[in-house]
Amino acid sequence: MIDIKNISTHCTRSEFVGTAVLDTIGLVISGIDDTLLETMNVGMKYRCLGLFSSRTGAAGQIAAIDDAVKATNTEVLSIELPRDTKGWGGHGNYIVLGGTDVSDVRHAVSMALELTNKYAGELYISESGHLEFAYSASAGQALNKAFGVPVGEAFGFMAGSPAAIGLVMADTAMKSAPLSIAKYMTPNKGTSHSNEVILAVSGDASAAKTAVLNARQTGLELLIGMGSYPEIPGIPYLQG
């Protein structure tokens, strides 16, 4: 019988890059098996893959990946939102990056882990539900792939659970500034049947930020009105 206590919690495997808040892990495969790569259906261009995955949170990690890909010679191959949040109302995430240089892919994953610790500040989790917010002044490849935001436009994101809170937040956001809807997601539309409404918007940077901040205020009042204060895994980074 294997004695798991003989395995260190400080992983030294070459694939291991690191971890971040929200049960996020970053890994690298320097030369993936060709048959497996073909089965993955992410294209055959890259055999060096970066893997980024968490049990809780999606927008913060995708925004972190977005910034990391902009700064490195890597490409987003796939983004999936598994039904998770440790059994609560929302998603986790599973992201695959590709690159030709393992050091570049490792750097991208490492950077995304560091940025996740920052962007996780806009996740609020209570006994009753959760809220998640994200903002970028200029969307890149990852945000375009995940939410259909035009590259170069500002991006705003809000998710609320229970789903009814998310819809009120979405309504608040659209009434606060002139914006385009990039993606609208519900328990039966675009999600893994998670109990949330998600809105991604694009447009002018100040308008997108205003919409997110107004949605955050509304969402927090509604979620706290359910009887408990949320925990914040990181430090809120959206000022205003």
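Between Thr19 and Leu113, the closest side-chain pair of non-hydrogen atoms is not below 4.5 Å. Tyr119 is listed as a side-chain neighbour of Asp67, based on a closest heavy-atom distance under 4.5 Å. Here the side chains of Ser54 and Val21 are not in contact, with every heavy-atom distance at 4.5 Å or above. The closest side-chain heavy-atom distance from Val17 to Val28 is below 4.5 Å. Contact of the Val42 side chain with the Leu37 side chain is registered, since non-hydrogen atoms from C-beta on lie closer than 4.5 Å. Counting only heavy atoms from C-beta outward, the side chains of Tyr124 and Phe133 approach each other to under 4.5 Å. In this structure the side chain of Val201 never reaches within 4.5 angstrom of the side chain of Phe155, judged on heavy atoms. Contact annotation: the side chain of Ile95 never approaches that of Leu51 to less than 4.5 Å [non-hydrogen atoms, C-beta and beyond].
Between the side chain of Asn195 and the main chain of Ala163, a donor-acceptor pair closer than 3.5 Å is present. Judged purely by atom type and a 3.5 angstrom limit, Gln61 uses its side chain to pair as donor or acceptor with the backbone of Thr56. A donor-acceptor pair under 3.5 Å links the side-chain atoms of Thr39 to the main chain of Thr35, judged by distance alone. Using a distance-only test at 3.5 Å, with no hydrogens or angles considered, a donor-acceptor pair links the side chain of Thr191 to the main chain of His193. A donor-acceptor pair under 3.5 Å links the side-chain atoms of Asn93 to the main chain of Gly57, judged by distance alone. Under a 3.5 Å cut-off, the side chain of Arg55 and the backbone N or O of Asp23 do not form any donor-acceptor pair. Formation of a donor-acceptor pair under 3.5 Å by the Ser126 side chain with backbone atoms of Ser228 is not found in this model.
Here the CD atom belonging to Glu127 is positioned 15.0 Å from the OH atom belonging to Tyr229, to the nearest 0.5 angstrom. Between atom OG1 of residue Thr172 and atom NZ of residue Lys175 there is a gap of 7.0 Å, rounded to the nearest 0.5 Å. Separation of atoms NZ (Lys145) and CG (Leu77) is listed at 7.5 Å; rounding is to 0.5 Å. Taking CD1 of Ile232 as the reference point, atom CD of Glu122 lies at 8.0 Å (rounded to 0.5 Å). Arg106 contributes atom CZ, which lies 7.0 Å from atom OG of Ser14 (distance to the nearest 0.5 angstrom). If you take NZ on Lys189 and CD1 on Ile198, they are separated by 12.0 Å, rounding to the nearest 0.5 Å.
Around atom CG of Asn73, no more than 12 heavy atoms belonging to other residues, nucleotides or ligands sit under 6.0 Å away. No more than 12 heavy-atom neighbours from other residues, nucleotides or ligands sit within 6.0 angstrom of CD on Glu114. Within 6.0 Å of the CD atom in Glu231, the count of heavy atoms belonging to other residues, nucleotides or ligands does not exceed 12. Counting heavy-atom neighbours within 6.0 Å of Tyr237 OH, excluding the residue itself, gives a total above 12.
For Ala108 against Leu97, the heavy-atom pair with the smallest separation is CB-CD1, 4.2 Å. Contact detail for Leu22 and Pro233: the closest heavy-atom pair is CD2-CG, 3.6 Å. When all heavy atoms of Ala173 and Met158 are compared, the closest pair comes out as CB-SD, 3.4 Å. In this structure, Val109 and Gly50 approach most closely via the heavy-atom pair CG2-CA, 3.9 Å. Closest approach of Arg216 and Leu238 over heavy atoms only: NH1-O, 3.1 Å. Shown here for Ile224 and Pro230, the closest heavy-atom pair between the two residues is CG1-CD, 3.7 Å.
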Next item on the list: Verify side chain to side chain contact (heavy atoms under 4.5 Å, CB included) between Leu213 and Thr210, making sure each step is shown before the conclusion.
Entry: CA-CA 5 Å; Leu213 290 174; Thr210 295; 5.8 Å; no
Item checked: Asn188 and Thr186: CA distance, side-chain angles, deciding distance, side chain to side chain donor-acceptor pair (under 3.5 Å) verdict -> CA-CA 5 Å; Asn188 204 38; Thr186 71; over 6 Å; no
Next item on the list: Begin with the C-alpha distance, continue with both residues' side-chain angles, and end with the deciding distance and a verdict on side chain to side chain contact (heavy atoms under 4.5 Å, CB included) for Cys48 and Thr100.
Entry: CA-CA 6 Å; Cys48 181; Thr100 56; over 6 Å; no
Next item on the list: For ring-ring contact (aromatic ring centres under 6.0 Å, His included), just list the numbers for Phe157 and Phe147, CA-CA rounded to whole Å, side-chain angles, deciding distance to a tenth of an Å, and then say yes or no.
Entry: CA-CA 9 Å; Phe157 173 98; Phe147 303 114; 5.2 Å; yes
Next item on the list: Evaluate the side chain to side chain donor-acceptor pair (under 3.5 Å) criterion for residues Thr74 and Thr72: first the C-alpha distance (whole Å), next the side-chain angles of each, then the deciding distance (0.1 Å), finally the verdict.
Entry: CA-CA 6 Å; Thr74 57; Thr72 58; 2.8 Å; yes
Margin query: Could you walk me through whether Lys70 and Asp66 satisfy the side chain to side chain contact (heavy atoms under 4.5 Å, CB included) test, starting with their C-alpha distance in whole Å, then the side-chain angles of each, then the deciding distance to 0.1 Å, before giving a yes or no?
Written below: CA-CA 6 Å; Lys70 289 176 189 173; Asp66 197 65; 3.2 Å; yes
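Ile29 and Phe52 end up in different hydrophobic clusters when Ile, Leu, Val, Met, Phe, Trp and Tyr side chains are linked at under 4.5 Å. Placement of Val168 and Leu223 within a single hydrophobic cluster is found when ILVMFWY residues are connected by side-chain heavy-atom separations under 4.5 Å, directly or transitively. One hydrophobic cluster, built from ILVMFWY side chains closer than 4.5 Å, cannot hold both Leu131 and Met185; they sit in different ones. Note: the hydrophobic cluster containing Met169 also contains Leu220 (ILVMFWY, side chain heavy atoms under 4.5 Å, direct or indirect links). Cluster annotation: Val105 is connected to Val76 through the hydrophobic network of ILVMFWY side chains, with a link wherever side-chain heavy atoms come within less than 4.5 Å.
Tested against His91, the residues Glu196, Glu132, Arg83 include a single side-chain hydrogen bond (donor to acceptor under 3.5 Å, both in side chains) partner, Glu196.
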